[in-house]
Structure formats: C-alpha cells, structure tokens
Amino acid sequence: MVKIAVLKETASGETRVSASPETVKKYIGLGATVAVEAGAGLSASISDADYAAAGASVGTEGAALKDADIILSVQGPDPKSLKGMKSGAWLVAGLDPFGQRARVDEYAKSGVEALAMEFMPRITRAQSMDILSSQSNLSGYKAVIEAASVYGRAFPLMMTAAGTVSAAKAFIMGVGVAGLQAIATARRLGAQVSATDVRSATKEQIESLGAKAIFVDNVAGIEGEGAGGYATEMSDEYKAAQAELVSAHIAKQDIVITTALIPGRPAPRLVSDAQIATMKPGSVIFDLAVAQGGNVEGSKADEVVVKHGVKIIGYANTPAHLAADTSALFSRNLFNFLSAFWDKEAGRPVLPDDDEITAAIRLTKDGKVVNDRLLA
Ligand code: NAD
C-alpha cells in the first residue's frame, strides 16, 4: 500500500497545509494510507482529530516520514529533515525551484524525486492541479479586502442624509488570475475600477468584469495571451510609454493593487516614488508582488510603509492570510494531480517519462537534477 506523508510546515509565516480531511479520505479511497504530522493543520483550522476522523494516522514527523512513498508539503521542507522515507519517494510541493536552487541539489542528493507544483504547465488538462492559480485567486481577493480595511474611507458611493460619500477609484495593475479576482472584488465592494496589463487578451476580460481597460496603445504589448499565459520583460520603449500612461492615471486613484509577475525574473517595477507623490494622501497601494521584488518602489513585505501620505502594504505570503480556504484548494490541486496519474495495478501514481506534465514539474530523479528549466 502506498503511504502518503503530510508534513507540518516549518517556514516562518506559513499557515497552510497540503492535505485536508476531504483529500485524506479521497487518498484512502484510492487505496493509500495517509500519515499526518501532528499539528499540521492547526493554523488552517484543521485539528488532528479531524484528520484522524478522515482515516489518517497522526503522529511525529518521523512516524509520518517512515517508509513514506509520497511526501506532501506546501513549501519545500528542509532536506535535512527528510529521513526514513523510501528511496525515490516523491516530494510534492511548491518548491520555489529558482529561489531555492541549492535546496533542489540537496533533494537530489537525499534521493527524493522532487516535483515542483508551481511548474505545472498551463494546459487545460492541468488547470485543476495549478497551485499558482488557486492561490493567486484568493490572494487577489485578500489584497482588495486588506486595502479596503486600511483605507480611511468607504468603497461604495453612499447617499446619506448628511451628504454623499463618493465611490473609491481602484486601479488594478496586472490582470492575471489575482488581478481578475481583485477587479471582481473591488467592483463588488462598490469601487470604480480600472485595470491594465501588457497582454492584449486581458482587455476584453477587464471590460467583461465591468472595469475600464487602461492600455498603452502607441507601443505594441504582448499579443493575445502571451506564451503559456505568461508575460515577458518588456522593451525600454514600452516601459517608458507605460510609465507615462500610469503617471497620468494613478494621480486620480484611491486604491492601487499591483499583481504583475514575470516567471523566473524579479517582478517588474510599475509604480515609482515620483508617481506615488502625485497620489492623494490617504490612498492605499497593495503590492501583491512584494515577495518577488515588488512592483512598487519602497514597498516592504509585512510592513505598512507611508510615503507622501500614501500607505503601501503587501504580505510576504498572502495565501497564508486565508489559510483555511487556500489550504482546501491547495490540497485539492495536489489530489487532482496525484489521482490523475493513479495507476490501479501499481496501486500508486505513476508519471510517464514522455508526459508534458512530468517533464515540466520533475526537478530531480535518481540522485540528479533533471529539469530543463533548471539546467538551462
Ligand atoms: P502572473 O502571476 O505570471 O502575472 C500576473 C499578471 O501580470 C499577468 O497578467 C501578466 O501579464 C501581468 N504583467 C506582467 N508584467 C507586467 C507589466 N510590466 N505591466 C503590467 N502587467 C504585467 O500571471 P497569472 O495570474 O499566473 O496568469 C496569467 C495568464 O495565464 C492568465 O491569462 C490566466 O488565465 C492564464 N492561466 C491559464 C491556466 C491554464 O490554462 N491551465 C492556468 C493559470 C493561468
């Protein structure tokens, strides 16, 4: 019987967990046994008793890892802590392969087959396994809620007997998964919403959510969706045109949510200190990219930075601030992945070498780093 270990996260500020009682039951339904490290779910509002009721055994880290075939985690565990599992055991987690490159070498040495879930290809078949999408979606929501809570005014237009409160103007920069959810959330709260991106396909998406699309039109951006739905670094000419456009627009905004990311590179700088200086005092900027270097000049993770009377906020780990929901979705992403590759005869998941998903996510195998993106 295949044994799945669920580890308690050790990274500072990480509150999520990689399996829920629901997915534990489903793994058992497939014929696996599940061992959960005690306390793994507490910060995501899941008790040890909930896991036990779902059929898992609950015990020490050592007991969970002993003879494990598959190790589940949200972030990559310390390679030194990985002891007692079967040789060639899978490690399935968000492994931050570029940021933690040396750790990938350690995983190779320790003999685990490390599978980086953030490298999941953006193909229809893998949509339900995509941790970046599931976590970004809730992050986009949370960014707006946090910005609203720090903002010293209301979002909706309110007509009261004492006079009118005007609607907040919110500008969303970067319209991927997080940005789309930020637009929807800000609209629901009653703000007047505008948004921008470098990928032309997002224009229609912005408008279909009832927001105004603000686009550079004198320099070509990225046609359609971009490669795999991802943006690339833009030309200097484009950056200059974008800076000019943003300068004209941002001074009138009360709330700015930035979400722009480029895979494997630092986040693009979208808002300068000079632009912040043109905004009204009391305005709020939430920098969702702060942990990847930041879209906003001066933003600091987990701090409220006040510049020119504007509050700049952003979390090092936004999904960790809604751990119950993000954990439930993360857990389902892992289950959807493992169950899609489940081989009934083998009684465990099997990754075919020639599968597009295998090639994308497999970082290490047989003691070596094997991923093209890391070896390039
Ligand atoms: P992301 O997190 O990599 O980036 C966020 C957004 O920032 C993107 O829209 C990007 O174009 C934008 N951006 C980058 N540089 C910018 C700049 N200089 N100025 C303004 N904006 C900039 O993106 P994401 O949220 O992961 O998703 C990107 C796309 O991929 C979306 O269209 C999404 O629908 C698609 N997607 C597809 C699948 C799938 O088919 N399996 C899964 C997830 C996402």
Side-chain angles (χ1 to χ4, degrees), residues 94 96 98 117-141 143 171-184 194-206 208-209 211 213-217 219-247 249-250 256-272 275 285-297 314 318-319 329-330 332-333 336-337 340 356-357 360-361:
D96 188 14
F98 293 119
M117 292 299 286
E118 61 268 75
F119 276 8
M120 193 59 73
R122 295 205 143 167
I123 51 176
T124 307
R125 176 164 67 99
Q127 239 165 355
S128 67
M129 314 171 192
D130 186 352
I131 59 167
L132 292 182
S133 289
S134 72
Q135 307 301 290
S136 297
N137 199 332
L138 282 154
S139 297
Y141 160 83
F171 181 39
I172 316 299
M173 304 183 74
V175 187
V177 178
L180 285 171
Q181 186 57 255
I183 294 173
S194 57
T196 191
D197 201 293
V198 292
R199 294 181 299 115
S200 63
T202 59
K203 202 164 178 182
E204 215 179 288
Q205 297 166 353
I206 294 168
S208 73
L209 286 172
I214 306 286
F215 273 70
V216 170
D217 49 19
V219 185
I222 296 171
E223 275 303 307
E225 277 284 353
Y230 286 115
T232 47
E233 175 102 34
M234 304 306 286
S235 66
D236 288 344
E237 194 192 3
Y238 185 95
K239 284 186 197 163
Q242 187 184 41
E244 199 180 318
L245 178 80
V246 170
S247 295
H249 189 66
I250 208 168
V256 176
I257 311 284
T258 70
T259 79
L261 291 177
I262 301 168
R265 311 204 54 145
R269 178 54 48 83
L270 300 182
V271 181
S272 68
Q275 289 167 331
I285 305 178
F286 193 109
D287 186 350
L288 257 173
V290 68
Q292 285 86 10
N295 294 141
V296 181
E297 186 171 355
T318 312
L329 298 190
F330 191 104
R332 276 186 217 142
N333 290 143
N336 292 337
F337 161 61
E356 189 181 355
I357 293 179
I361 67 172

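Order of listing sets the numbers, starting from 1, for every ligand and every atom in it.
- Within 4.0 Å of ligand 1, protein heavy atoms come from Arg122, Ile123, Gln127, Asp130, Ser133, Gly174, Val175, Gly176, Val177, Asp197, Val198, Arg199, Glu225, Gly229, Tyr230, Ala231, Gln242, Thr259, Ala260, Leu261, Pro268, Leu270.
- For Phe215, there are no ring pair (Phe, Tyr, Trp, His ring centres under 6.0 Å) partners two or more places apart in sequence or in a different chain.
- Contact check for Leu270 versus Gln275: no side-chain heavy atoms found under the 4.5 Å cut-off.
- A donor-acceptor pair under 3.5 Å links the side-chain atoms of Asn295 to the main chain of Pro268, judged by distance alone.
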Can I get a per-line list of side-chain donor-acceptor pairs under 3.5 Å for residues 172-179, giving both atom names and the distance, sequence neighbours left out?
none

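- Looking at residues two or more places apart in sequence or on another chain, you find no ring pair (Phe, Tyr, Trp, His ring centres under 6.0 Å) involving Tyr141.
- In this structure, the side chain of Asn336 engages the main chain of Arg332 through a donor-acceptor pair within 3.5 Å.
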